[in-house]
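Input: a single structure, listed below in structure tokens.
Any value given below was found using the heavy atoms of this structure, including those in side chains, with hydrogens, waters and symmetry copies removed. The sequence lines fix the lettering, A, B, ..., with proteins before strands; numbering per chain opens at 1. In this text the structure is predicted, and so the values were computed from the model without any measurement.
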Amino acid sequence: MFRLWSTIKKDVRILTRDKVGLALMFLMPVVLAIVITSVQNGTFEMVNDNKVPIVLFNKDGGEASKELVAAMEKTGMFEIAPQTSPTDEAGIKKLMHDNDAMLAIVIPEKYSADVQSRAKNVSEKALVTLVEEDSTHTKAPAADSLTPLTLYYHPVLQQSFRKSVDGAMSSVLQVVQSKYIVQELYFNINNQPIPDSVENQIVGQQTAITQIPVSRDGNRNVPNASQHNIPAWTVFAMFFIVISLGSSIVREKRSGSFIRLRTLPTHFGVAMISKQITYICITFLQAVVIFTLGVLLFPLIGLPQLNLPQDIGGLLLVTFISGWCATSFALCVGTWAGTQEQANGIGAVSIVLMAAIGGVLVPAFAMPSSFVYIMKLSPLHWCLEAYYGLFLEGGRLGDIMMNIIPLLVITLIFQMLAWWGLKRKGLIQ
Amino acid sequence: MAAAIHIQNLSFSYGEQNVLNQLDLTVQPGERFGLFGPNGAGKTTLMSIITGLVKYHTGTVQIQGLEVKDNSTAVKKIIGFVPQDFSFYQELSPVENLSFFGAWAGLNAQKIKEKTTELLQVMALDHVKNKPVQHFSGGMKRRVNLAIAVMANPGIVILDEPTVGVDVQTRHAIIDYLKQLNNGGTTLLYTSHQLHEAEDLCNRFALMDEGRILVNDSLENLLQQHHQAGLEGLFLQLTGRAYRH
């Protein structure tokens, strides 16, 4: 035990004297978590809370177009900047830049007339159907068509976001057109204008949608960008210790101190166990630092606060197993790499790849179906799923066991590969 | 009393290349034994086998009567090894290095403290005991390298070029310390290309080439038998003047 303790002290001393390595292990994930959360939070707020700035050029000015604008405002989705001066495409681009708008919409000149004409035609068609058997009504309705609205958008807008704007606009257009059709129909049938109360009943009242985030603990808080990003970048940071630990093992192998250790009456496994204990503690510390910043610092800098899961025991266990898996991977890389350059290169590239396929860089649900199986090979995927089970779904340890078991299996594979490498290279008997 | 080192019929090869060929060698307790030979003679392989770094399958290698391959841990307690390369942690201070390697040599905390204090004084490293070794001169690093090897009072110290790259003062200090250690009963197995230094330190010599011991005797006897005035002349006479790989 004294030998193990002496070895841990040695490893900690070497680690704490590597200032650049420490900065890489602690500052990098903090910076990543803050930057990515800020960016994603901005997007979330733009979509969820803030209104989308949109430049509006109403060439029509008629009643229907005014009602269309009013309906757009009523959705709460758009911050409308009305423009009056006639413009072409270049002018619209300039207006978008001037107004910092991501979208611009042009209502054509004959919009109101078209809507009214169409309402009349549809109404007539409906009446033809109603009185078809009544031979007194013989006049055939005219064909109806609408001049399309034009939507300009900034190319950086993602397709999913454009589709949600498209959906909102279709809904608004439908409301305005339905209103006119109902008014026309009612007038044709009753020879008097439709009362507001009836119109509202027909057009205005829609079935409401109640949104509920599915959580295991019954908590109905909407997950924010911090809940998504902090676990993800914590896992990334844990695995990034491969740079420090992997190259540390290679440096020792090549420095001659390993030769000295092998001539001393202590099993070389003690050195490997010490490194694992030291670096598991480091990964734990990384998680504590990042989670603490999420809880205490994020609200101060305008980012959503991280809500810790209810099952703190589960959180500690997931953090421990994730750290052990990361350490085992680094041990494996350090054992098999021949040079520090190899350890750093293989370590960095493999972490980025495993993060990409594991759902850290791109959400798992957004990946192509062909990645479903590949994703499961990445230990980062299982770490992340376990954390999400606690942070996003409000689960407890029992709920995430199916994520912990594969993680343990991968960890044991890394361990076996590392020990096999040590044996093959003659570092242990 | 068993020989400090007793090797019989030892053969070893790396793949197709024979490095040691039916080698026999005995080092008696308390000797200052010098092992010499040109590059590629097999000295490093032989020392690696004695220290347990390399496994052998043919022949016998005994340390104080213990077969190395069957008594690895016990043999490691007897031997202190000074590798040619600096074999310690450059980021750590001499105190930290000695504490760590002392623990690995099997010493307890009290013994480590006592030996560290003693060795830092003997090696004149007391004034830099808490500074990282990476900032030391070559001579100071050599002394740290040696101090680590003798932390646990080994019965046999194996030295692979312990003075390479150091100044005259440090070399003399190291040789004097090794003689002092030997006077206390420690057996030394020394290898170097510094033949004048070897003449000063060793009281028995073996010259090896192509994996065999060519001669093995006291310096006086060897010089007399081969009509040479010094070890260098004897070395060239027995191993030739051609380049070695």
Most contacts with chain A, counted as non-hydrogen pairs under 4.5 angstrom, among B:A74, B:S87, B:P83: B:S87
Aromatic contact, B:F100 with B:Y89 (centres under 6.0 Å): yes
Among the listed options B:V54, B:N145, B:T51, B:I79, the residue most often paired with chain A at heavy-atom distances under 4.5 Å: B:N145
Main-chain N/O of B:T60 paired to B:N9 side chain as donor or acceptor, under 3.5 Å: no
Ring pair (Phe, Tyr, Trp, His ring centres under 6.0 Å) pairs, two or more places apart, involving residues 35-78 of chain B: B:F36-B:F205
Under 4.5 Å from any heavy atom of chain A - which part of B:A152: neither
Pair A:F268 + A:F258: ring centers closer than 6.0 Å: yes
Proximity of A:F236 and A:W233 rings by center, below 6.0 Å: yes
Short side-chain donor-acceptor distance under 3.5 Å, A:Q415 and A:Q276: yes
Contact origin within B:I112 toward chain A - heavy atom pairs under 4.5 Å: side chain
Within-4.5 Å side-chain heavy-atom neighbours: B:V133 and B:N97: yes
Residue list, side chain to side chain contact (heavy atoms under 4.5 Å, CB included) with B:T45, at least two apart or on another chain: B:F12, B:Y14, B:V19, B:L20, B:I49
A:R3 side chain to A:T266 side chain, donor-acceptor N/O pair below 3.5 angstrom: yes
Interface residues of residues 243-252 of chain A facing chain B - heavy atom cut-off under 4.5 Å: A:R251, A:E252
Cationic tip of A:R260 above B:F101 ring, under 6.0 Å, 45° of axis: yes
Under 3.5 Å side-chain donor-acceptor pair for A:S322 and A:Y387: no
Short side-chain to backbone donor-acceptor contact, B:K115 and B:G102, under 3.5 Å: no
Engaged part of B:A149 at the chain A interface, taking heavy atoms whose separation is under 4.5 Å: both
Any donor-acceptor pair under 3.5 Å from A:R262 side chain to B:L53 backbone: yes
Contacts with chain B made by residues 4-25 of chain A (heavy-atom distance under 4.5 Å), listed by residue number: A:S6, A:T7, A:K10, A:R13, A:I14, A:R17
Engaged part of B:N108 at the chain A interface, taking heavy atoms whose separation is under 4.5 Å: backbone
Which portion of B:F86 sits near chain A, non-hydrogen atoms under 4.5 angstrom: backbone
